[in-house]
Amino acid sequence: MGINPYPYKYDRTHQISEVLSSFDTLAAQNTVVRVCGRIMLIRKMGKVFFADLRDAGAKVQIYVKRDDVGEALFEVFDLLDLGDIIGCEGTVFITRTGERTIKVTSFQLLTKALHPLPDKHAGLTDVETRYRRRYIDLIANPEVREAFVQRTRIIQTIRDFLNSTGFLEVETPILQPLYGGASARPFKTHHNTLDIPMFMRIADELYLKRLIVGGYDKVWELCKDFRNEGMDRLHNPEFTMIEMYWAYADYRDIAALLEQLLRHVVFTLHGKHTIEFGEHSIDFGPPFRWVSMLDSVREKTGVDFSNLSFEDARAQARKLGVESAELINWGKVVAAVWEAKVEHSLIQPTFVCDFPVEISPLAKKHRDNPRLTERFELFIATQEMGNAFSELNDPVDQLQRFLQQGKAMAAGDEEAQPLDDDFITALSYGMPPTAGLGFGIDRLIMLLTNQPSIRDVIFFPQMKETKDGTVPVSQILAQLAEEEQDASKK
RNA sequence: GGGGGUGUAGCUCAGUGGUAGAGCACCUGCCUUUUAAGCAGGGAGUCGAAGGUUCAAUCCCUUCCACCCUCACCA
């Protein structure tokens with residue numbers, strides 16, 4: 001029929017949402033509109049078609065009557081399938097049943113769809129297909145597309161907030177000769193020209209603190225991080241954090257800022273301070289609870305670990321049913337008991353503070369207790385949403401912490417942090433007292449959009465490779481040739 | 001890695017030891033304001049993969065693959 005199934009462009013005058021929002025005016029003035037979109041439904045009634053056309057923002061019904069478009073175009077429309085993308089021109093009116101509709105006078109095929117859409121009513125529910133071929137998921141499931149719009153809005157709101165409070169958004173290396181800033185196994189790669197091993201970053205911390213040394217007061221980064229660890233509902237190998245560093249402030253200051261930020265984001269997104277997450281209702285309105293790790297352990301277990309020796313602490317932990325070969329110091333024992341007895345009970349936003357020094361190699365020692373650090377983690381709905389400390393800025397102390405980590409690594413701890421000489425050098429030039437914070441963006445978005453899996457807030461989550469998901473090129477070409485032949489016949 | 005579950009048409013799902021079914025989608029016909037339009041007809045499947053048992057396996061057995069849940073590690 002000489003129809004190009006893949007033309008170059010279509011001059012549209014309105015997005016569908018614009019047609020709907022100014023419908024009365026368009027109708028009164030008999031304005032000709034040109035819209036485009038994907039055909040989601042077709043209803044044929046003899047010499048008349050009704051179809052639902054959807055673009056990025058909205059859906060509208062179109063009305064194609066043979067007497068309006070002519071015999072030839074009408075037959076073309078008869079060849080269209082669900083999923084095809086068209087542009088059409090016409091005026092608007094309201095049908096007998098009250099639906100706002102575009103009365104089409106002409107239309108053009110813009111893109112032919114070779115694969116059929118998922119069931120128009122049941123949609124696409126198979127999670128494997130949804131994750132592997134997100135484009136189908138996005139076509140078939142409007143609520144999925146909306147969740148990702150929310151993701152962008154959340155990040156934008158955070159960005160606006162931080163920019164408005166004087167934080168400078170910066171970028172630091174993703175590809176690093178040495179990884180650090182968190183306890184995790186890295187992805188390792190290789191630079192050919194330099195012939196050196198390189199690592200994908202697991203955190204931004206050490207680079208951002210170098211910038212504080214360099215004289216920036218407030219910096220932050222939207223961080224893509226990579227951790228070579230297990231994958232499940234809460235973990236994707238590639239994920240997003242925000243890290244921020246604030247000179248001349250301590251962990252209490254940055255906790256207050258984080259609280260203010262989250263309250264602002266929740267309110268901006270939902271217009272209120274409470275959100276629903278699974279079976280929980282989370283209230284961001286009241287001041288967040290602030291409790292020390294040792295106090296919360298004592299509340300739950302009746303045991304005060306604060307003045308116990310390592311041996312006594314381990315014995316107490318054993319009585320509580322907490323036992324592991326990895327509990328090699330007092331700090332690890334306390335953290336393990338806390339995780340076993342306290343963590344699961346933290347539903348409303350709660351700052352848990354003052355972590356043991358052994359598990360906090362980059363945090364400054366607590367001003368009142370050398371066994372602890374000035375560190376907090378924020379928990380919401382039992383999940384860690386953020387981790388922050390008064391940053392360790394004493395290069396001698398930092399070196400000792402690194403050496404301790406080195407011992408752990410030598411003992412087989414694959415997540416211990418390697419010594420970063422240049423970072424020590426940077427600290428020795430003087431880093432002002434600084435508060436630092438990192439929080440997981442994917443988890444925050446899960447929380448704020450009420451999604452149960454991290455895969456529901458990452459467009460293309462990591463999946464195992466499978467033969468089923470791969471179509472041989474030869475098969476694709478054969479199919480294309482076949483379609484071409486079919487088209488030329490028509 | 002351990003335990004539990006799932007895998008049948010493009011999509012959503014039934015089903016049986018004897019050559020495979022529905023709805024939607026697709027094709028044909030009827031219907032000029034319908035709306036999950038309707039009515040009539042049609043084509044469509046390596047029943048996840050490979051072995052085994054059996055006269056006969058989509059179904060029973062074994063192994064493998066992918067996905068989901070869960071436990072352990074992690075954000």
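Below, all heavy atoms of this structure are taken into account, side chains as well, without hydrogens, waters or symmetry copies. Reminder, nothing fancy here: chain letters follow the sequence lines and each chain counts from 1.
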S.K.: Need one value for A:Phe439: base, sugar-phosphate or nothing, where a base atom within 4.0 Å counts as base even if backbone is also close, heavy atoms only.
M.R.: nothing

S.K.: Work out how far the P atom of B:G48 is from that of B:U34, and round it to whole angstrom.
M.R.: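 Each nucleotide's P atom is 44 Å from the other's.
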
S.K.: Any base atoms under 4.0 Å from A:Gln61, or only sugar-phosphate, or nothing? Heavy atoms, all strands.
M.R.: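 Base: the residue A:Gln61, judged by heavy atoms under 4.0 Å, touches a nucleobase.
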
S.K.: I need the CD-P distance between A:Glu128 and B:U6, as an integer number of Å.
M.R.: 16 Å

S.K.: Show me, range against range, the stems involving RNA chain B, built from at least 3 consecutive Watson-Crick or G-U pairs below 3.5 Å.
M.R.: B:1-7 with B:65-71, B:10-13 with B:21-24, B:26-30 with B:38-42, B:48-52 with B:60-64

S.K.: A:Asp126 CG to B:U12 C1': how many Å, rounded?
M.R.: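 About 10 Å, once rounded to whole Å.
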
S.K.: Using atom C1' of each nucleotide, how far apart are B:A22 and B:C47 to the nearest Å?
M.R.: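 These two C1' atoms come out 15 Å apart once rounded.
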
S.K.: Could you give the distance separating B:A44 and B:G51 at their P atoms, to the nearest angstrom?
M.R.: 27 Å

S.K.: What nucleotide among B:U34, B:U32, B:A75 has an atom nearest to a side-chain atom of A:Thr95?
M.R.: B:U34

S.K.: Apply the ring-ring contact (aromatic ring centres under 6.0 Å, His included) test between A:Phe379 and each candidate in A:Phe288, A:Phe351, A:Trp338, A:Phe439; give the one that qualifies.
M.R.: A:Trp338

S.K.: Roughly, in whole Å, what's the span from CZ in A:Arg66 to P in B:C31?
M.R.: 9 Å

S.K.: Quick one: is B:C13 close enough that its OP1 or OP2 comes under 4.0 Å of any side-chain N or O from A:Thr125?
M.R.: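 Looking at the OP1 and OP2 atoms of B:C13, one of them is under 4.0 Å from a side-chain N or O of A:Thr125.
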
S.K.: Pick the closest RNA chain B nucleotide for A:Tyr63 and for A:Arg455 by heavy atoms, then say which residue is nearer the 5' end.
M.R.: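 Looking at the nearest nucleotide for each, A:Tyr63 comes out on the 5' side.
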
S.K.: Report yes or no: is there a donor-acceptor pair, N or O only, under 3.5 Å between the side chain of A:Asp119 and the base of B:G10?
M.R.: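 Side chain to base: no pair below 3.5 Å.
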
S.K.: Donor-acceptor check, side chain of A:Arg66 to backbone of A:Lys47, threshold 3.5 angstrom: yes or no?
M.R.: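 No, the answer is negative, given that no donor and acceptor are paired below the 3.5 Å cut-off.
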
S.K.: Contact class for A:Asn236 vs. all strands (heavy atom < 4.0 Å): base, sugar-phosphate, or nothing?
M.R.: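 It contacts base atoms.
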
S.K.: Which residue lies toward the 5' end of RNA chain B, A:Val127 or A:Ser183, if each is placed at its nearest nucleotide?
M.R.: A:Val127

S.K.: Testing the 3.5 Å rule here: is there a donor-acceptor pair between the side chains of A:Asn387 and A:Arg375?
M.R.: yes

S.K.: Taking any heavy-atom pair under 4.0 Å as a contact, classify A:Met463: base, sugar-phosphate, or nothing.
M.R.: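 The residue A:Met463 makes sugar-phosphate contact but no base contact.
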
S.K.: Mind checking the P distance from B:A72 to B:G10? Whole angstroms is fine.
M.R.: 40 Å

S.K.: To the nearest Å, give me how far apart CG (A:Asp232) and P (B:C69) are.
M.R.: 9 Å

S.K.: Using whole Å, report how far CG of A:Leu82 lies from P of B:C26.
M.R.: 4 Å

S.K.: Is the shortest side-chain N/O distance from A:Arg96 to OP1 or OP2 of B:U34 below 4.0 Å?
M.R.: yes

S.K.: Looking only at the side chain of A:Pro116 (C-beta and beyond, no hydrogens), which of the listed nucleotides B:U34, B:C67, B:A25 gets closest?
M.R.: B:A25

S.K.: Are any side-chain N or O atoms of A:Gln451 and backbone N or O atoms of A:Asp456, one a donor and one an acceptor, separated by less than 3.5 Å?
M.R.: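 Judged by distance alone, no pair lies under 3.5 Å.
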
S.K.: In whole Å, measure the gap between the P atoms of B:A49 and B:A9 for me.
M.R.: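 The answer is 11 Å between these two P atoms.
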
S.K.: Counting only side-chain heavy atoms from C-beta out, which of B:U12, B:C68, B:U32 sits nearest to A:Lys47?
M.R.: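 The nucleotide sitting nearest to the side chain is B:U32.
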
S.K.: Looking only at heavy atoms, what is the nearest atom pair of A:Arg132 and A:Lys464, with distance?
M.R.: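 So the minimum-distance heavy-atom pair works out to NH1-O, 2.7 Å.
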
S.K.: Taking B:G52 as the reference, what is the distance to B:A66 when you measure between their P atoms (whole Å, please)?
M.R.: 23 Å

S.K.: In whole angstrom, give me the gap between the C1' atoms of B:C26 and B:G45.
M.R.: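 To the nearest whole Å, 15 Å.
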
S.K.: For A:Asp456 and B:C67, what is the distance between atoms CG and P respectively, to the nearest whole Å?
M.R.: 15 Å

S.K.: For this output row, return yes or no: ring centroids of A:Phe376 and A:Trp290 closer than 6.0 angstrom.
M.R.: yes

S.K.: Identify whether the distance between the nearest side-chain nitrogen and carboxylate oxygen of A:Asp420 and A:Lys209 falls below 4.0 Å.
M.R.: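 Not counted as a salt bridge, because no side-chain N and carboxylate O are separated by less than 4.0 Å.
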
S.K.: Which part of the nucleic acid, if any, lies within contact of A:Glu384, taking any heavy atom under 4.0 Å across all strands shown: a base, the sugar-phosphate backbone alone, or nothing?
M.R.: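 Sugar-phosphate: the residue A:Glu384, judged by heavy atoms under 4.0 Å, touches backbone atoms but no base.
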
S.K.: Under 4.0 Å between a side-chain N/O of A:Arg130 and OP1 or OP2 of B:C67, yes or no?
M.R.: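 Indeed not, no polar side-chain atom of A:Arg130 lies that close.
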
S.K.: Counting side-chain heavy atoms from C-beta on, which of B:A75, B:U70, B:C11 comes nearest to A:Ile454?
M.R.: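 Between B:A75, B:U70, B:C11, the one nearest the side chain of A:Ile454 would be B:A75.
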
S.K.: Starting from C1' on B:A75, measure out to CD1 on A:Ile202 and report it in whole angstrom.
M.R.: 11 Å

S.K.: For the residue pair A:Tyr63 and A:Phe50, does the interplanar ring angle fall in the parallel (under 30°), tilted (30 to 60°) or perpendicular (over 60°) class?
M.R.: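 Plane angle between 30° and 60°, so tilted.
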
S.K.: So which of A:Arg151, A:Arg455, A:Arg233 actually passes salt bridge (charged side-chain N to carboxylate O under 4.0 Å, His left out) with A:Asp442?
M.R.: A:Arg151

S.K.: All N/O contacts under 3.5 Å from nucleotides 37-41 of chain B to the protein, with atom names and distances to one decimal?
M.R.:
from	atom 1	to	atom 2	distance (Å)
B:A37	OP1	A:Lys120	NZ	2.6
B:A37	OP2	A:Arg43	NH1	2.8
B:A37	N7	A:Lys44	O	3.1
B:A37	N6	A:Lys44	O	2.6

S.K.: Can you confirm whether A:Ser183 sits close enough to A:Gln417 that some side-chain heavy atom of one is under 4.5 Å from a side-chain heavy atom of the other?
M.R.: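 SC-SC contact between A:Ser183 and A:Gln417 confirmed.
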
S.K.: In whole Å, what separates the C1' atom of B:U62 from that of B:A57?
M.R.: 14 Å

S.K.: Looking for any heavy atom pair under 4.0 Å, which part of the strands does A:Asn387 touch: base, sugar-phosphate only, or nothing?
M.R.: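 Answer is nothing: A:Asn387 stays at 4.0 Å or more from every strand.
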
S.K.: Heavy atoms only, 4.0 Å cut-off, all strands: where does A:Arg227 land among base, sugar-phosphate and nothing?
M.R.: base

S.K.: So what does A:Gly83 hit on the nucleic acid, given a heavy-atom distance under 4.0 Å: a base, only sugar-phosphate, or nothing?
M.R.: nothing

S.K.: Any chance the side chains of A:Arg34 and A:Gln108 put a donor and an acceptor closer than 3.5 Å?
M.R.: no

S.K.: Rounded to the Å, how far apart are A:His121 NE2 and B:A36 P?
M.R.: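 Rounded to the whole Å, the gap is 9 Å.
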
S.K.: Looking at A:Arg318 and A:Glu323, is there a salt bridge between them, counting it only when a charged N and a carboxylate O are closer than 4.0 Å?
M.R.: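 Yes, this pair counts.
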
